[in-house]
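First the structure, in the form of structure tokens, and then the observations on it.
Side chains included, hydrogens not; waters and symmetry mates left out as well; all remaining heavy atoms used.
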Protein chains: 2
Amino acid sequence: MDYAGKIKNALDAGDVIIIGADCEVTYSGRAESFLPSGDRIVIIKSDKSLIVHQPKGTAPVNYMKQGTVHEISENGKNILLKARNSAMKEFMEIEFSKIHFVHCQKFEDDREIELQGTEKHMSDMIMKNPGLIGNDFRPLSREEHTKYGFIDVFGHDKDNNLVVVECKRFNGDLNAVTQLRRYVEKIKALKGIKNVRGILACPAISANALKMLEDWGFEYRKIEPPKHLERHKKNQKALDEF
Amino acid sequence: MDYAGKIKNALDAGDVIIIGADCEVTYSGRAESFLPSGDRIVIIKSDKSLIVHQPKGTAPVNYMKQGTVHEISENGKNILLKARNSAMKEFMEIEFSKIHFVHCQKFEDDREIELQGTEKHMSDMIMKNPGLIGNDFRPLSREEHTKYGFIDVFGHDKDNNLVVVECKRFNGDLNAVTQLRRYVEKIKALKGIKNVRGILACPAISANALKMLEDWGFEYRKIEPPKHLERHKKNQKALDEF
DNA sequence: GGGGAGAGATGCCGC
DNA sequence: GCGGCATTTCTCCCC
């Protein structure tokens with residue numbers, strides 16, 4: 001079968017291309033890599049991104065980003081795929097020694113995933129229920145991407161201390177504490193004041209992180225991110241009953 | 001065609017399963033999500049990990065980790081896949097309204113990718129060429145995962161200052177600076193001394209990060225990670241000549 | 001299994 | 001394009 005021609009046509013048509021094959025992969029760009037011969041799945045999507053999957057693991061072993069230019073040629077009896085992404089200065093070469101199958105198809109999919117339980121949902125919840133942080137906590141604003149930095153929730157307490165809240169949807173770690181510390185220091189410097197409280201809001205915290213948090217005079221609030229997709233309660237119920 | 005039976009057999013055999021189908025996906029675990037109906041690629045690998053890909057982008061839209069248990073059933077004329085990962089407390093349900101194709105196959109692949117140009121390669125290079133940090137820099141040891149913490153390169157200068165080097169294979173950012181700062185403070189506390197220098201080694205650094213670095217009295221060294229796979233120079237040359 | 005950190009991280013948003 | 005940051009990050013390594 002003329003796999004090379006089939007792949008070329010699909011590339012021109014903007015189809016999704018799924019290849020099962022024994023192949024080796026060479027990559028050069030942000031780093032360099034070589035993957036010796038073995039059976040893999042190679043997918044070229046309609047946005048010209050490319051992923052190579054081994055038979056184990058959720059992450060692709062090699063990949064090229066959207067907007068890559070693909071060129072099919074033949075090297076003796078092997079098919080050669082050269083992929084180039086000028087913007088990223090990245091190059092890839094896949095040499096197929098045995099193709100098991102090639103499937104090409106137009107894919108109709110204009111829907112986006114609906115996700116619940118992110119850090120943003122957490123800060124939304126805190127804005128609506130400031131008591132989660134403290135009885136006297138008064139949120140002022142959700143300062144995302146402003147001149148004060150990327151602070152999740154920003155407010156003050158009854159003693160007129162400024163309060164910086166950093167949310168983490170999972171376990172708080174050393175990184176989260178240093179991040180909070182950076183924000184508090186930035187606010188202190190910008191405002192020229194010293195009474196700024198720092199609060200880390202997350203469902204759990206590591207012992208080391210808690211120690212560093214307390215050493216720096218910051219506070220921990222045990223808060224869970226909201227995770228229920230209200231629009232799909234029926235489905236959720238079904239999943240819970242597994 | 002009996003797609004349900006085909007998938008069940010492949011699951012038992014440990015084959016890789018590739019499905020092209022119109023489907024909707026419900027997920028509940030670390031977060032919750034719902035993906036309305038559309039054409040996707042669903043892959044179940046031999047380690048029972050699962051990925052769902054839309055026709056665009058390199059990252060999967062939904063996934064389950066290795067060791068997931070899969071159960072195929074039929075819901076009227078639709079095929080239902082229930083996936084459960086007890087260890088991760090994660091659940092997924094995929095309802096296939098139209099299956100375009102199912103491909104099952106045993107994959108032979110025992111090779112691992114060879115990668116060059118990582119942060120570890122950078123610190124190796126600095127250990128061999130300490131002059132990259134300074135004429136008087138003397139590396140003592142590569143202290144990874146020891147009592148001193150996760151420090152890339154550790155040494156001293158002719159004035160007997162301890163020197164902590166943090167390597168980044170790409171642009172240095174605020175996070176890299178705060179990380180270096182944490183290490184320097186840890187060494188100071190552990191040793192009870194004050195003369196500890198901090199050096200950030202990376203190919204480039206953001207303006208904000210450089211300012212923070214200098215505010216804290218640390219230093220920047222412009223160093224590129226080594227990126228040549230010596231064993232595959234021939235291939236690399238071919239890629240360069242694209 | 002948890003903690004800590006790198007990754008060709010990816011993806012998103014804002015400037 | 002770069003910068004800063006969340007991510008169902010993933011993966012590795014050590015304790």
Residues of residues 52-65 of chain B with any non-hydrogen atom less than 4.0 angstrom from an atom of DNA chain C: list those, numerically ordered, please. Gly57(B), Thr58(B), Ala59(B)
Quiz item: Glu90(A) side-chain donor-acceptor pair to dG8(C) base, under 3.5 Å: yes
Residue list, side chain to side chain contact (heavy atoms under 4.5 Å, CB included) with Ser86(A), at least two apart or on another chain: Arg84(A)
Here the salt bridge (Lys or Arg N to Asp or Glu O under 4.0 Å) pairs for residues 209-220 of chain A, sequence neighbours left out, are Arg197(A)-Glu219(A), Lys211(A)-Asp215(A), Glu219(A)-Arg221(A)
Residues that Asn129(B) engages under side chain to side chain contact (heavy atoms under 4.5 Å, CB included), provided they are two or more places apart: Met125(B), Leu132(B)
Are there runs of at least three consecutive Watson-Crick or G-U pairs touching DNA chain C, with each pair's two distances under 3.5 angstrom? Give them by first number. C:1-7 with D:9-15, C:9-15 with D:1-7
Partners passing side chain to side chain donor-acceptor pair (under 3.5 Å) against Glu90(B) (at least two apart in sequence or in another chain): Tyr27(B), Arg30(B)
What side-chain donor-acceptor pairs closer than 3.5 Å can you find for residues 50-59 of chain A, not counting sequence neighbours?
{"from": "His53(A)", "atom 1": "ND1", "to": "Lys45(B)", "atom 2": "NZ", "distance (Å)": "2.8"}
{"from": "Gln54(A)", "atom 1": "NE2", "to": "Asp109(B)", "atom 2": "OD2", "distance (Å)": "2.9"}
{"from": "Gln54(A)", "atom 1": "NE2", "to": "Arg111(B)", "atom 2": "O", "distance (Å)": "2.9"}

Which nucleotide in the list dG4(C), dT8(D), dA6(D) gets nearest to the side chain of Ala31(B)? dT8(D)
Does anything in residues 204-212 of chain B come within less than 4.0 Å of DNA chain C? Heavy atoms only, and list the residues if so. none
Who passes side chain to side chain donor-acceptor pair (under 3.5 Å) against His121(B), sequence neighbours left out? Gln116(B), Thr118(B)
Would you please name every residue forming a side chain to side chain contact (heavy atoms under 4.5 Å, CB included) with Asp173(B), sequence neighbours left out? Asn175(B), Ala176(B)
Partner set under side chain to side chain contact (heavy atoms under 4.5 Å, CB included) for Pro139(A), not counting sequence neighbours: Met127(A), Pro130(A), Phe137(A), Val153(A)
Once side chain to side chain donor-acceptor pair (under 3.5 Å) is applied, do any residues pair with Thr178(A), and if so which ones, sequence neighbours excluded? none
